[in-house]
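Below is one structure, written out as structure tokens; comments come after it.
Computation of the quantities below employed the complete heavy-atom set of this structure, encompassing side-chain atoms and omitting hydrogens, waters and symmetry-equivalent molecules. Computed from a predicted model, the values in this text were never measured in an experiment. Just so you know, ligand 1 is whichever comes first in the structure, and atom 1 is the first atom listed for that ligand.
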Amino acid sequence: MTDGFDLLLTGAMAVTPAGVARADLGVRAGRIAAIGTLAGAKAERVMDLAGLTILPGVIDSQVHLREPGLEYKEDLATGTAAAALGGVTAVCEMPNTKPSTLTAEAIADKLARAHGRAWTDHAFFIGAAVENIPQLAALERLPGCAGVKVFMGSSTGSLLVDGEDALAGVLASGFRRVAVHCEDEARLKERFALVADGAEPEMHPEWRDARTAFLATERLLRLARAAGRRVHVLHVTTAEEMELLARNKDLATVEVTPQHLTLSAPDCYRRLGTLAQMNPPVRGEEHRQALWRAVEQGVVDVIGSDHAPHTREEKARPYPQSPSGMTGVQTLVPVMLDHVAAGRLSLERFVDLTSAGPARTYGMAGKGRIAVGYDADFTVVDLKARRKISHLWIASKCGWTPYDGMKVTGWPIATIIRGSVVMQDDELQGDPQGQPLRFGESLPRG
Ligand code: DOR
């Protein structure tokens with residue numbers, strides 16, 4: 001049966017597992033019901049998307065949405081509104097809120113706060129800390145939990161798993177892929193003297209140097225190998241780590257961010273000052289080129305934004321008192337589509353990194369591809385639209401982007417989540433209806 005759809009998308013190109021081709025998409029009860037030539041089929045709503053391209057919904061699997069405790073920077077409503085405006089259909093949120101997300105109650109609290117306020121689908125990471133290691137195996141299976149997140153080096157907030165025994169303990173507790181921020185805490189402390197009395201922001205990648213990242217990634221892989229545990233190395237920034245990770249692909253998946261692929265030192269620090277400050281840092285051109293090579297060679301599995309909003313006032317503090325992090329959830333799609341337009345990656349590879357990749361890495365159910373039976377999550381884009389990114393467009397509470405003034409080719413035109421149009425032509429539509437993501441490990445029974 002091909003008629004009686006709730007929503008019918010016609011006239012567009014679609015990126016399906018078969019490739020990029022003209023295809024109409026029929027949606028019923030929030031799921032993809034048919035793909036093909038569906039002209040004339042009955043539907044409650046028909047959207048003519050001629051000239052546009054339909055991608056599987058873009059999943060941003062690394063965002064910091066700051067609720068609870070830091071709502072002056074961002075909250076679940078504003079952060080997910082920014083996501084939807086940027087063409088993102090689902091987010092995985094990091095645990096360095098206040099309090100940190102360390103317990104079943106904290107996950108339940110975030111899910112309750114997201115209900116009726118989140119514009120996109122969502123899941124929350126449980127933070128690993130010495131005190132919750134014995135509970136991690138149970139916590140990672142909670143519905144709505146994206147998995148366990150480890151900070152090996154101090155960044156924003158107090159979450160830290162320092163020392164081999166603690167990290168080995170985390171890796172031994174549970175079986176889902178563990179997401180890890182790799183910077184070596186001892187070396188960070190030792191080198192802080194370089195900037196402690198004040199320095200130019202371009203010293204950030206000197207303090208938190210390439211060796212700091214490499215040492216942590218090397219230790220993580222050694223301990224993960226010993227434990228037989230799969231890991232996901234977040235925001236990888238160096239050529240050396242990419243070489244090591246390429247030799248450990250049976251164990252490790254790899255994320256890069258649009259910032260590390262787009263900005264480079266020292267230029268970004270001279271132009272943007274502390275707005276370009278994040279952890280791990282944006283580095284020099286040779287590392288940026290190595291990240292692109294790793295994208296080309298398939299070493300990278302996921303692009304995540306590491307959306308980490310801080311207010312302009314906070315960012316205006318003298319370095320290094322200024323906090324690390326940039327907004328990114330809203331700019332991920334246009335910035336990366338601009339790379340597609342420039343020929344640096346194919347549209348299919350973009351989809352692999354932003355839809356299939358996150359779904360595969362974390363074991364999401366029903367997400368990540370345009371296929372019958374999957375959730376009807378679509379990022380509709382105009383690959384030819386020329387736009388300028390500006391602070392004014394940014395819906396994040398902190399109201400700024402490192403890409404202000406950047407001209408891009410490629411723009412999100414609509415965000416569709418489980419068959420509901422959530423954003424069209426830069427405007428949010430309807431009410432927030434985001435739902436928790438489902439994972440293979442914790443699917444409801446019965
Ligand atoms: O730059 C960063 N900011 N890196 C992180 O790991 C944390 C993030 C934040 O939460 O601000």
Handout entry: Residues D352 and R360 bridged, charged N to O under 4.0 Å
Key = yes
Problem - H310, portion touching ligand 1 at heavy-atom distance under 4.0 Å - result: side chain
Handout entry: Residues D184 and R208 bridged, charged N to O under 4.0 Å
Key = no
Exercise for the section: Starting from atom 9 (C) of ligand 1, locate the nearest protein heavy atom and write down its residue, its atom name and how far away it is, to 0.1 Å. Expected result: T156 OG1, 3.2 Å
Exercise for the section: Could you list the atoms of ligand 1 found under 4.0 angstrom from a heavy atom of F151? Expected result: 6 (O)
Completion exercise
Within 4.0 Å of some non-hydrogen atom of A308, the atoms of ligand 1 are 3 (N), 8 (C), 9 (C), 11 (O)
Completion exercise
shortest atom 3 (N) of ligand 1-to-protein heavy-atom contact is with S324 O, 2.9 Å
Practice task
Before accepting this row, confirm whether a basic side-chain N of the pair E71/R66 lies closer than 4.0 Å to the acidic partner's carboxylate O.
Solution key: no
Handout entry: Numbered atoms of ligand 1 (with element) below 4.0 Å of N96, judged on heavy atoms
Key = 9 (C), 10 (O)
Exercise for the section: State whether the shortest distance between N or O atoms of H64 and N or O atoms of ligand 1 falls below 3.5 angstrom. Expected result: yes
Fill in the blank from the handout: Under 4.0 Å from one or more heavy atoms of M278, ligand 1 contributes atoms 1 (O)
Handout entry: Residue part near ligand 1, for Q277, under 4.0 Å between non-hydrogen atoms
Key = neither
Handout entry: Closest protein heavy atom (residue, atom, distance) for atom 7 (C) of ligand 1
Key = S155 OG, 3.3 Å
Completion exercise
Closest to atom 4 (N) of ligand 1 among protein heavy atoms sits N279 O, 2.8 Å
Practice task
Kindly say whether the aromatic ring centers of Y362 and H232 come within a distance under 6.0 Å.
Solution key: yes
Exercise for the section: Run the contact test for R66 against ligand 1 with a 4.0 Å cut-off on heavy atoms, strictly below, and give the result. Expected result: yes
Handout entry: Short N-O contact, R230 and D250, less than 4.0 angstrom
Key = no
Problem - Cationic N near anionic O, under 4.0 Å, R418 to D121 - result: yes
Fill in the blank from the handout: residues 302-321 vs salt bridge (charged side-chain N to carboxylate O under 4.0 Å, His left out), sequence neighbours excluded, gives K73-E314
Practice task
Identify the two heavy atoms, one from F350 and one from L332, that lie closest to each other, and give their separation to 0.1 Å.
Solution key: CE1-CD2, 4.5 Å
